[in-house]
S.K.: 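Can you keep this structure in mind? I'll have questions shortly.
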Amino acid sequence: MNKFDTACRTGKPDIAIIGGGPAGFTLAALLAPAGIRVLLADSSGSTPSLKNVTPDGRTAALMGGSIDTLTAAGVWPLLESYASPLRRMAVVDDSRFPANPDAMIEQGFAAHELGRDAFGWNMSLTAMRAALNDVLKTHKNVTVRFDTTVTDFASLGASLIVGCDGRDSKVRDFAGIGVKRHAYGQSAITCLIRHSQPHLDTSTEFHRPGGPFTIVPCRNDTSAIVWVEKTDDAQRFLKLPKPRFVEELQSRTRDYVGTIELISSPACWPLEYVRSTKLTGPRVALAAEAAHVISPIGAQGLNLSLRDVSTLAGIIIQAFEIGLDVGSATVLDRYEKARTPDVASRSFAIDFMNQAVANDKNAVRALRRLALRALSLPGPWRQLVMKKGLAA
Ligand SMILES: Cc1cc2nc3c(=O)[nH]c(=O)nc-3n(C[C@H](O)[C@H](O)[C@H](O)COP(=O)(O)OP(=O)(O)OC[C@H]3O[C@@H](n4cnc5c(N)ncnc54)[C@H](O)[C@@H]3O)c2cc1C
């Protein structure tokens with residue numbers, strides 16, 4: 001037994017969560033009602049309470065399973081009024097942009113085809129973090145420490161350390177878990193727009209050689225933009241004077257939502273693929289972007305992460321209730337086995353899709369357009385894409 005192992009066995013709290021992004025906060029809120037002693041440490045600043053939050057340009061489209069997780073975490077009733085339903089999803093092959101505006105192929109999917117009211121909800125991540133923190137304040141067994149960068153993990157004395165500390169996870173390094181990563185050479189520009197025509201609760205993803213450009217509905221005739229370009233081009237667009245930037249943005253919307261107005265400062269996110277070689281190490285579990293980072297195409301990243309934390313919370317609570325050591329190899333093995341297939345298949349599929357969309361070879365483009373057309377045929381293929389690709 002090493003020094004770390006000894007400290008963890010004798011010390012408190014039961015679980016130390018490193019990283020207070022949406023995943024870390026959700027895990028803490030899922031564990032809190034079970035009476036488990038949780039320490040959540042986050043190096044970024046504190047959050048105002050939900051009633052004082054002004055949503056910014058960062059949103060995430062969260063599908064049905066993620067909403068169930070937020071309900072279990074006790075925050076969905078608080079967040080519903082900050083989220084917008086996604087009742088229709090459209091995928092548009094716009095690979096001939098900007099030369100040929102008539103060469104778009106659009107495929108629409110409606111939630112009612114699956115017998116649902118909505119595929120999911122588009123959520124302000126700032127509001128989500130604030131709501132989760134508000135809920136955690138009501139649990140005496142949970143301590144949240146903002147502005148705290150943990151470097152000495154062993155000294156925390158927790159039975160289990162959960163790394164929710166993002167793509168450059170230090171918990172991952174500490175546990176000696178390897179990582180596979182490659183940069184896409186793309187960056188995502190995000191911002192909020194107001195528009196003259198309603199979005200009709202439709203999320204529209206245009207596929208172009210630079211990457212996907214997505215209009216995601218928000219409340220009151222506003223939408224979030226996720227605009228992926230090659231990094232050099234993204235930097236060039238961000239340096240434009242505001243009117244020219246808005247012009248570029250307007251042309252990319254293909255006027256789907258009428259005339260647009262920029263209502264938040266654009267932000268930029270470098271995109272890469274990251275996957276840890278394992279999800280667990282001695283008394284360590286990795287979740288969310290500490291374990292996998294995928295392209296925003298298809299809006300899957302946080303959905304995948306919330307499945308991690310939901311599964312992990314279930315396994316921990318079950319172990320805790322029967323008196324099992326929550327950091328034991330038995331518990332960690334269960335988590336590893338339960339999450340690896342979903343993480344592996346989803347990471348592979350999104351990586352493949354991102355590379356296929358960014359590939360401008362004529363043959364690949366023709367195949368892509370054919371596949372999109374084929375999705376108009378009713379039947380099991382279309383249902384499968386909707387269930388696994390849009391609603392999961
Ligand atoms: C442009 C874009 C659009 C996206 N859209 C969607 C979408 O529509 N749907 C979807 O499902 N997903 C989407 N995603 C993915 C989603 O936004 C991310 O997966 C999610 O925000 C990451 O959350 P996280 O909690 O894993 O990590 P982070 O938010 O990165 O949180 C990690 C936290 O750990 C803290 N930290 C790091 N090291 C330490 C330390 N040593 N000690 C203490 N704290 C530490 C950091 O300060 C940070 O607060 C999108 C991503 C991008 C880039």
Side-chain angles (χ1 to χ4, degrees), residues 16-28 39-47 57-67 69-70 83-84 86 89 119-126 128-129 132-133 144-153 156 161-174 184 186-191 203 205 211-218 224-229 234 266-274 276 286-309 346-347 350 354 390 392:
I17 301 169
I18 312 300
F25 261 107
T26 304
L27 177 61
L39 168 69
L40 170 63
D42 187 45
S43 49
S44 62
S46 67
T47 162
R58 268 313 290 281
T59 67
L62 296 182
M63 304 310 163
S66 296
I67 302 302
T69 300
L70 294 179
S84 299
L86 304 169
M89 309 282 235
F119 285 116
W121 294 73
N122 190 36
M123 179 96 56
S124 153
L125 291 182
T126 317
M128 183 172 160
R129 188 168 185 257
L132 285 160
N133 189 45
V144 178
R145 282 199 212 135
F146 292 106
D147 297 309
T148 304
T149 303
V150 183
T151 51
D152 184 356
F153 301 102
L156 294 171
I161 293 183
V162 185
C164 290
D165 50 341
R167 59 178 68 186
D168 296 316
S169 171
K170 293 288 180 286
V171 175
R172 193 174 63 210
D173 296 346
F174 167 73
Y184 284 124
Q186 294 169 307
S187 292
I189 301 171
T190 55
C191 55
S203 176
E205 187 171 88
F213 175 94
T214 314
I215 308 173
V216 201
C218 297
I225 297 293
V226 180
W227 172 8
V228 177
E229 288 285 357
C268 188
W269 309 85
L271 302 184
E272 61 177 335
Y273 169 96
V274 180
S276 65
L286 301 180
E289 290 209 337
H292 45 76
V293 180
I294 54 179
S295 158
I297 195 167
Q300 296 288 315
L302 187 53
N303 287 289
L304 187 60
S305 299
L306 293 180
R307 295 203 287 280
D308 292 345
V309 296
R346 201 55 68 143
S347 302
I350 297 298
N354 191 59
L390 304 177

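The first residue of the sequence shown is numbered 1, and numbering continues consecutively from there. Since this is a predicted model, take the numbers as computed values, not measurements. Both ligands and their constituent atoms are indexed starting at 1 by order of listing.
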S.K.: Tell me which protein heavy atom sits closest to atom 11 (O) of ligand 1, plus the residue, atom name and distance to 0.1 Å.
M.R.: Leu302 N, 2.8 Å
S.K.: Has Gln300 got any heavy atom lying under 4.0 angstrom from an atom of ligand 1?
M.R.: yes
S.K.: Compare Val293, Thr190, Thr214, Asp173 and give the one whose heavy atom is closest to atom 1 (C) of ligand 1.
M.R.: Thr190
S.K.: Under 4.5 Å between any side-chain heavy atoms of Arg58 and Pro22, yes or no?
M.R.: no
S.K.: If we only consider heavy atoms of Arg167, is any one of them less than 4.0 Å away from an atom in ligand 1?
M.R.: no
S.K.: Looking only at heavy atoms, which two atoms of Cys164 and Ile17 are closest? And how far apart?
M.R.: SG-CG2, 4.1 Å
S.K.: Would you mind reporting whether Val274 and Arg172 have side-chain heavy atoms less than 4.5 Å apart?
M.R.: yes
S.K.: Among all protein non-hydrogen atoms, which one is nearest to atom 25 (O) of ligand 1, and what is the separation to 0.1 Å?
M.R.: Ala23 N, 3.1 Å
S.K.: Identify, for atom 43 (C) of ligand 1, the protein heavy atom at the shortest distance, and state residue, atom and that distance.
M.R.: Thr148 O, 3.2 Å
S.K.: Hey, does Val171 have a side-chain heavy atom less than 4.5 Å from the side chain of Val162?
M.R.: no
S.K.: With heavy atoms of Ala288 as the reference, note each atom of ligand 1 found under 4.0 Å away.
M.R.: 26 (O)
S.K.: Which protein heavy atom lies closest to atom 5 (N) of ligand 1, and at what distance to 0.1 Å?
M.R.: Thr59 O, 4.0 Å
S.K.: To the nearest 0.5 Å, what is the distance between CG (Leu62) and CE (Met123)?
M.R.: 4.5 Å
S.K.: I need the nearest protein heavy-atom contact for atom 38 (N) of ligand 1: residue, atom name and distance, please.
M.R.: Asp165 CB, 3.6 Å
S.K.: Locate the shortest heavy-atom distance separating Leu156 from Ala16; write the atom from each residue and the value.
M.R.: CD1-CB, 3.9 Å
S.K.: Pick, from Ala61, Ser187, Ser169, the option with the minimum heavy-atom distance to atom 9 (N) of ligand 1.
M.R.: Ala61
S.K.: Would Glu289 count as being in polar contact with ligand 1, using the rule that some N or O on each side must be under 3.5 angstrom apart?
M.R.: yes
S.K.: Return yes or no for this condition: an N or O of Val150 is under 3.5 Å from an N or O of ligand 1.
M.R.: yes
S.K.: Provide the number and element of each atom of ligand 1 under 4.0 Å from a heavy atom of Val226.
M.R.: 1 (C)
S.K.: Is the shortest heavy-atom distance from the side chain of Arg307 to the side chain of Arg346 under 4.5 Å?
M.R.: yes
S.K.: Which of the atoms in ligand 1, numbered in the order shown and given with their element, are less than 4.0 Å from a heavy-atom of Gly301?
M.R.: 10 (C), 11 (O), 12 (N), 19 (O)
S.K.: Which residue and non-hydrogen atom of the protein lie closest to atom 35 (C) of ligand 1, and at what distance in Å?
M.R.: Asp42 OD1, 3.0 Å
S.K.: Under 4.0 Å from any heavy atom of Ile18, which atoms of ligand 1 are there?
M.R.: 40 (C), 42 (N), 43 (C)
S.K.: Does Asn303 offer a backbone N or O that forms a donor-acceptor pair with the side chain of Ser305 under 3.5 Å?
M.R.: no
S.K.: Which option, Gly24, Gly19, Ala287, Pro296, owns the non-hydrogen atom nearest atom 34 (O) of ligand 1?
M.R.: Gly19
S.K.: What atoms of ligand 1 come within less than 4.0 Å of a heavy atom belonging to Asn303?
M.R.: 10 (C), 11 (O)
S.K.: With a 4.5 Å heavy-atom cut-off, do Leu271 and Pro296 have their side chains touching?
M.R.: yes
S.K.: Do Leu132 and Thr26 come within less than 4.5 Å of each other through their side chains, counting heavy atoms only?
M.R.: yes
S.K.: In terms of side-chain heavy atoms, does Asn122 have a donor or acceptor partner in Ser84 at a distance below 3.5 Å?
M.R.: no
S.K.: Check Pro270 against Ser187 and note the closest heavy-atom contact, atom names and distance.
M.R.: CA-OG, 3.6 Å
S.K.: Looking at atom 44 (N) of ligand 1, what's its closest protein heavy atom, distance included?
M.R.: Ser43 N, 3.0 Å
S.K.: Counting only heavy atoms closer than 4.0 Å, does ligand 1 sit against the backbone of Ala290, its side chain, both, or neither?
M.R.: neither
S.K.: Indicate, as side chain, backbone, both or neither, the part of Ala188 found under 4.0 angstrom from ligand 1 when only non-hydrogen atoms are considered.
M.R.: side chain
S.K.: Do you know which two heavy atoms are closest between Val150 and Ala41, and how far apart they sit?
M.R.: CG2-CB, 3.6 Å
S.K.: Among all protein heavy atoms, pick the one closest to atom 50 (C) of ligand 1 and tell me residue, atom and distance.
M.R.: Arg58 NH2, 3.8 Å
